[in-house]
Structures are given as structure tokens and as C-alpha cells.
Amino acid sequence: MLLMLSIPMSYVVAGEGKIIARTDPDTGLKSWQYQGKDLAIEFLQVPPDFIRASYAARGLPKDLIESVATQCVFGTIVRNLSDQPLSYRVADWRYLSPDAVEHKVKTKTQWLEQWHGMGVRFSWSMLADDVTFYKGDWIQGFTTLPEPHGSRVGLKFVWSIAGERHEKILPDLECAPAPE
């Protein structure tokens, strides 16, 4: 996972919880975190060159590498802050493209089907798409959106606790810039 030293850039109180945007002073990479009483989730820009280097180091085919590196990729960290099991399904998440149209988020299962069709059994990196975990548990992986580098999107993420559905929208996330 891409590690970042971050300093707060801004924050917005969003109902119950807050959204914090940060920019790493050394790399210029940005991240956004929502923290509520039950859930903390963070989305970090992942540059295409990082995808290319890390996937190439694992000997993955160029077509597979480019299928991810040409996407808008966020490193995603989800933490359960509640005393009860927390569940999410990436299939329930949506993003708003720059033209304000809502789209589904591609799941790990969909990525694996594509990769298996290419003869690749690699399964590391993508955020697990249907998870239930307990107090203090966390998970991380990539969330991908088929948008150009530098695009601005909104991201609606959905989770449930004790059968109660919750959702939040992080507005104005910025995809990592294209390499110069």
C-alpha cells in the first residue's frame, strides 16, 4: 500500500462524522477520509506509475497492468470503529463522474473474472468486495473508477451495522494526475 505523510488540508462536518482532505507535502498526492462513530474510510490517490511498477514487479502481463494503470485508482482503507459487526459491499457503492452521472464501482470479483480470462490468477491489491468484520478490524485495497487521471468525482460508499444501512458521499475526490 502506498504510504503517505499527510497534513490536514480542510475538513467539513458531514452530519455525524467529518471529512478530512489532506495533501502530502512531499509528493503532492491527496487523500480524503470520512470518520463517523462506526466507520473510518480513507481514499488515497494512487499514481499510474505506482501501479505499473508494483504490478510489473510481480511479473503481471502488460495488458493487465495497463487495464488498472489507466483507471482512476484510490488506495482504500476501511476500519470498523463500532462494537458490532460492520459489513459493506462494493457492488452497492457508486461514483459520480464529472458529468454528474452515477455509475457502479467495479468490484474485485469483476477484476478477477477479467484477469482469470487472461490466464492470470493474481488476486492481491483490489479491495475485497463483500466483507463483514468486527470491532477494530480493518481492510485495505484499491478502488478503481474508469475515469481519466486528474478527473474529479464524488464517491458514495455504503455499509451496514446490525442490518441498518448507512451511506455517505465524499464529494470532489481528485484522481491522481497523469505522469508528466
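Each residue takes its place number in the sequence, starting with 1.
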Might you work through the side-chain contact (heavy atoms from CB on, under 4.5 Å) test for Q35 and I20, ending with a clear yes or no? CA-CA 8 Å; Q35 184 161 339; I20 301 170; over 6 Å; no
Closest contact, heavy atoms only, T107 versus A91: CG2-N, 3.8 Å
Output for pair (L29 CG, T23 OG1), nearest 0.5 Å, gives 9.0 Å
Check for me, please, whether I65 and M118 land in the same ILVMFWY cluster - side-chain distances under 4.5 Å, paths through other members count. yes
If you apply the rule side-chain contact (heavy atoms from CB on, under 4.5 Å), what do you find for W159 with I41, and how did you get there? CA-CA 11 Å; W159 72 98; I41 188 166; over 6 Å; no
Which atom of T132 lies closest to which atom of P85, heavy atoms considered: CG2-CB, 3.9 Å
How long is the gap from CZ on F43 to CZ on F142, to the nearest 0.5 Å? 13.5 Å
Are the side chains of Y95 and E147 in contact, using a 4.5 Å heavy-atom criterion? yes
NZ/K168 to CG/L155 distance, rounded to the nearest 0.5 angstrom? 14.0 Å
Find out whether V131 and Y88 are in side-chain contact, i.e. whether some heavy atom of one side chain is under 4.5 Å from a heavy atom of the other. yes
Nearest heavy-atom approach of C175 to P148 is CB-O, 3.8 Å
Using every non-hydrogen atom in the two residues, find where W32 and E174 come nearest and quote the distance to one decimal. CH2-N, 3.3 Å
Let me confirm one number: the SG-NE2 distance from C72 to H149, rounded to the nearest 0.5 Å. 8.0 Å
Would L96 and Y34 show up in the same hydrophobic cluster when neighbours are defined by side-chain heavy atoms closer than 4.5 Å? no
May I have the step-by-step check of salt bridge (Lys or Arg N to Asp or Glu O under 4.0 Å) for R52 and E66, ending in yes or no? CA-CA 7 Å; R52 288 182 179 104; E66 288 305 306; 2.7 Å; yes
Do the ring planes of W111 and W115 sit parallel (below 30°), tilted (30 to 60°) or perpendicular (above 60°)? tilted
Flag the pair F157 / T143 as yes when at least one side-chain heavy-atom distance between them is below 4.5 Å, and no otherwise. no
Is there a chain of hydrophobic side chains (I, L, V, M, F, W, Y, each step under 4.5 Å between heavy atoms) that links I169 to V78? no
Hey, is the main chain of Q84 close enough, under 3.5 Å, to the side chain of N80 for a donor-acceptor pair? yes
Does some side-chain heavy atom of S151 sit less than 4.5 Å from a side-chain heavy atom of S97? no
Side-chain heavy atoms nearer than 4.5 Å, only ILVMFWY residues, links allowed to pass through others: does that put L86 and I139 together? yes
Tell me the closest heavy-atom pair linking Q45 and P47, and the distance in Å. O-CD, 3.8 Å
Closest approach of S31 to E42 (non-hydrogen atoms, all atoms of both residues): OG-OE2, 3.4 Å
Would you say the side chain of V120 lies within less than 4.5 Å of the side chain of L60, judging by non-hydrogen atoms? yes
Within the 4.5 Å heavy-atom criterion, are L170 and F74 side-chain neighbours or not? no
Side-chain touch V158/R165, heavy atoms, less than 4.5 angstrom: yes
Report the C-alpha distance between W93 and L127 in whole Å, list the side-chain angles of each, state the deciding distance to 0.1 Å, and finish with yes or no for side-chain contact (heavy atoms from CB on, under 4.5 Å). CA-CA 12 Å; W93 296 8; L127 184 68; 3.7 Å; yes
So the salt bridge (Lys or Arg N to Asp or Glu O under 4.0 Å) pairs with at least one residue in residues 102-128 (sequence neighbours excluded) are E102-K156
Applying salt bridge (Lys or Arg N to Asp or Glu O under 4.0 Å), can you list everything that pairs with D130, at least two apart in sequence or on another chain? none
For the CZ atom of R79 and the CD atom of Q33, what is their distance to the nearest 0.5 Å? 7.0 Å
Heavy-atom side-chain contact between D129 and V105 under 4.5 Å: no
For R58 and W124, what are the C-alpha separation, side-chain angles and deciding distance, and is it a side-chain contact (heavy atoms from CB on, under 4.5 Å)? CA-CA 10 Å; R58 287 159 181 80; W124 175 85; 3.9 Å; yes
Are L145 and V101 connected in the hydrophobic side-chain network, where two residues link if heavy atoms are under 4.5 Å apart? no
